[in-house]
**Student:** 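One structure, as structure tokens, below. Some questions next.
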Number of protein chains: 2
Amino acid sequence: MSSPRITLKDLAKELQLSPSTISRAIAGHPAISESTKKKVRKKAEELGFAPNSIAAGFRKKRTHSIGVIVPKIDVHFHSLVISGIEDLAYREGYNITIFQSKDSIDREKEIAKILQNRLVEGIIVCLSNETKSYTHFKKLVKLGVPIIFYDRVPSDFQANKVVIDDFGSAFKATEHLIEQGCRRIGHIAGNQGTPIFRHRFEGYKAALKAHKIPYNPNLVLETQNLSYEEGATSAHKLIALPQMPDGVFCSNDYTAISAVQVFQKSGFKVPEQIAVVGFSNYPISRVIQPNLTTINDRAFQMGEAAAKLLIRQIEDEDNAIDFETITLKTDLVIRESSLRKK
Amino acid sequence: MSSPRITLKDLAKELQLSPSTISRAIAGHPAISESTKKKVRKKAEELGFAPNSIAAGFRKKRTHSIGVIVPKIDVHFHSLVISGIEDLAYREGYNITIFQSKDSIDREKEIAKILQNRLVEGIIVCLSNETKSYTHFKKLVKLGVPIIFYDRVPSDFQANKVVIDDFGSAFKATEHLIEQGCRRIGHIAGNQGTPIFRHRFEGYKAALKAHKIPYNPNLVLETQNLSYEEGATSAHKLIALPQMPDGVFCSNDYTAISAVQVFQKSGFKVPEQIAVVGFSNYPISRVIQPNLTTINDRAFQMGEAAAKLLIRQIEDEDNAIDFETITLKTDLVIRESSLRKK
DNA sequence: CTGAAAGCGCTTACAG
DNA sequence: CTGAAAGCGCTTACAG
């Protein structure tokens, strides 16, 4: 059943030609005569020749392979980013090899080591949330492997990066609540050890300030993982305040949805008594009742942008282009959960 | 910045040893003296030697690489499967290279061609929904590349396969509705051109039969893609029937959730007046109100099982093991949307 | 237009 | 315990 693979040599012998000629004929080299090319291609087809692109890449020192490290593949945000990466890489003739760090720094280091040896031409990384130092990535850079970071990016590491405008998005979200008439606006925040969640918190505060609404730390609840459960706990705390908020900006959709449900179960009307805005535009946000107003974080575009930038760097022979940080604009997707003024 | 990669040869020159010895020392070959090994390892560390595993693989004719073709990465089911594949492959020392067919037969064929040339050691596939013939995969098999299919599998193709028990799951789901007192049970079905959805439909009918409930074709609505929108349309049709159903089994969670919402908006109580069961146990199903009863389709386990079976086949030197179809058992996850008897 | 030769970075059977 | 040699399947500079 599994006949041994046909090689250039086999074809050469069969056709009484040299392997060089076969190689050139297959590659469509202009120096080869049309008649030879035709003959070679016919025979190749006949024998089921499949060129060994690993061998070719090995010879040419290219693998056309990009390594991708994500915390977890099945987190919708990451699967969307990967989808964007795959799409662009495919168009550009690159393959993507995927690893999940599972938010473990040890696993991330192991993967970095594997990647050193597998000669990927570049790497796209979203840091594990345990990652504080980057020596494992520095080694790769020293070996000449370009690395680009997305979303969770290191601040003190020279590299290409793609992030979304967390500050600006949070500002927009909060401002929207203000425009809808909210004056006591709460915030369910992510882990403040993580820059992106800190930026969202900053954006929230900045929007309040811009609209001369005093910042009230009692209305801000920090969570560990922005889990559905923590969303509920936080919502209960907000309700229990002497004066509860009339709007909440949540750092992701899970906490937002969970908060909406707690408010409703406790007899408050959303958005009339309390308006809610989430962050990420998960599919669920347009399904839940009321539909959730949220930030479209453009995960697919983020993947595309990361792959594009990385490939540019890979193909930038003389290393002429400087590092760059792309900040993707986001949209506020306004739905029912925040819409008081129709 | 990017110093050229150190090779075995460089190390050999540096240490006045032969490349053979270096190679063996790095690999921990027993014939090499401890002192030499120590010396080599020290120097390797010092010079930042990263063995070129592509070259080694090329020499040994191994890539330790598995190709994965899925319709879309960002569909939660597939991202969970991929996660399971990655997890097991990682433990076994394999990398996974991912492609999305985007449900296009043309793209699937292109990918199959790429995979022929990239010398993956095996392939895991969920067929595009356009795929009717399998010549592109037959070529790969002829080249000696094992292929395993999951979920959407070809019926007339000899290969390892992993599927879930669609028939049994649908039977279980429908029987559960009957046990909850439903007597007029509807079904929102997937595209009947796709075997898995046909099997679910069969399971539904079989459960009715087993409980002596007459099958009524008016209660069954076939959809194209089981989309959220089609769920709503179907629900409206069910409501419009002269006698509407008191329970619905839906072939996925999207249609189920959308149906629940339509029923509620139309003033019907779920589950009291109409009970609903979905299929897939998407994260959203435990968040929606009421929580959705659904089938846990064990996507992660499916990925693990596929990778395990594939690797077994890869490493089965003398090709002694016969093809196998693994049918994964599923759980009915009972939640509020169907629970009438507390 | 075609071919002979060298070599990409490893491993391994053979020899000592 | 260590080394010299061959070779995995290609590509490409050099030669004719």
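Given the structure is predicted, the values throughout are model-derived calculations rather than measurements. Below, read A as the first sequence line, B as the second, and so on, with proteins coming before strands; counting in each chain starts at 1.
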**Student:** Grab the stems for DNA chain C, please: at least three consecutive Watson-Crick or wobble pairs, both distances below 3.5 Å, written as range with range.
**Tutor:**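 In DNA chain C, stems of three or more pairs: C:1-3 with D:14-16, C:5-12 with D:5-12, C:14-16 with D:1-3.
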**Student:** Without decimals, in angstroms, what is the distance between A:Asp10 CG and D:dC10 C1'?
**Tutor:** 13 Å
**Student:** Is A:Asp103 salt-bridged to A:Arg152, cutoff N-O under 4.0 Å?
**Tutor:**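 Looking at A:Asp103 and A:Arg152, the cut-off is met.
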**Student:** Could you give the distance separating C:dG16 and C:dT12 at their C1' atoms, to the nearest angstrom?
**Tutor:**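 Here C:dT12 and C:dG16 have their C1' atoms 16 Å from each other.
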**Student:** Identify whether any heavy atom of B:Ile54 sits under 4.0 Å from a base atom; if not, whether one sits that close to sugar-phosphate; answer base, sugar-phosphate or nothing.
**Tutor:** nothing
**Student:** Please confirm whether B:Arg107 makes a cation-pi placement over A:Tyr90, using NZ or CZ under 6.0 Å from the six-membered ring centre and within 45° of the ring normal.
**Tutor:**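 Verdict for A:Tyr90: a cation-pi partner in B:Arg107.
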**Student:** Counting the atoms with a prime plus P, OP1 and OP2 as sugar-phosphate, which does A:Ser33 contact under 4.0 Å by heavy atoms, base, sugar-phosphate, or nothing?
**Tutor:**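 The answer is sugar-phosphate, as A:Ser33 gets under 4.0 Å only of primed atoms, P, OP1 or OP2.
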**Student:** How would you label the contact of A:Thr36 with the nucleic acid (heavy atoms, under 4.0 Å): base, sugar-phosphate, or nothing?
**Tutor:**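 Sugar-phosphate, no base atom in range.
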**Student:** Going by an N to O cut-off under 4.0 Å, is there a salt bridge joining B:Lys102 and A:Glu86?
**Tutor:**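 Looking at B:Lys102 and A:Glu86, the cut-off is not met.
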**Student:** On the nucleotide D:dT2, are OP1 or OP2 found under 4.0 Å from the side-chain N or O atoms that B:Thr21 carries?
**Tutor:** no
**Student:** If you find the nucleotide of DNA chain C closest to A:Pro30 and the one closest to A:Ser20, which residue's nucleotide is nearer the 5' end?
**Tutor:** A:Pro30
**Student:** Select base, sugar-phosphate, or nothing to describe what A:Ala56 touches, counting heavy atoms under 4.0 Å on all strands.
**Tutor:** sugar-phosphate
**Student:** Select from B:Phe58 and B:Arg24 the residue whose nearest nucleotide in DNA chain C is closer to the 5' end of that strand.
**Tutor:** B:Phe58
**Student:** Tell me whether the OP1 or OP2 atom of C:dG9 has a side-chain N or O from A:Lys61 closer than 4.0 Å.
**Tutor:**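 Indeed, a polar side-chain atom of A:Lys61 lies that close.
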**Student:** Of all the heavy-atom pairs spanning A:Cys126 and A:Tyr150, show the shortest one and how long it is.
**Tutor:** CB-CZ, 3.4 Å
**Student:** Counting the atoms with a prime plus P, OP1 and OP2 as sugar-phosphate, which does B:Thr7 contact under 4.0 Å by heavy atoms, base, sugar-phosphate, or nothing?
**Tutor:** sugar-phosphate
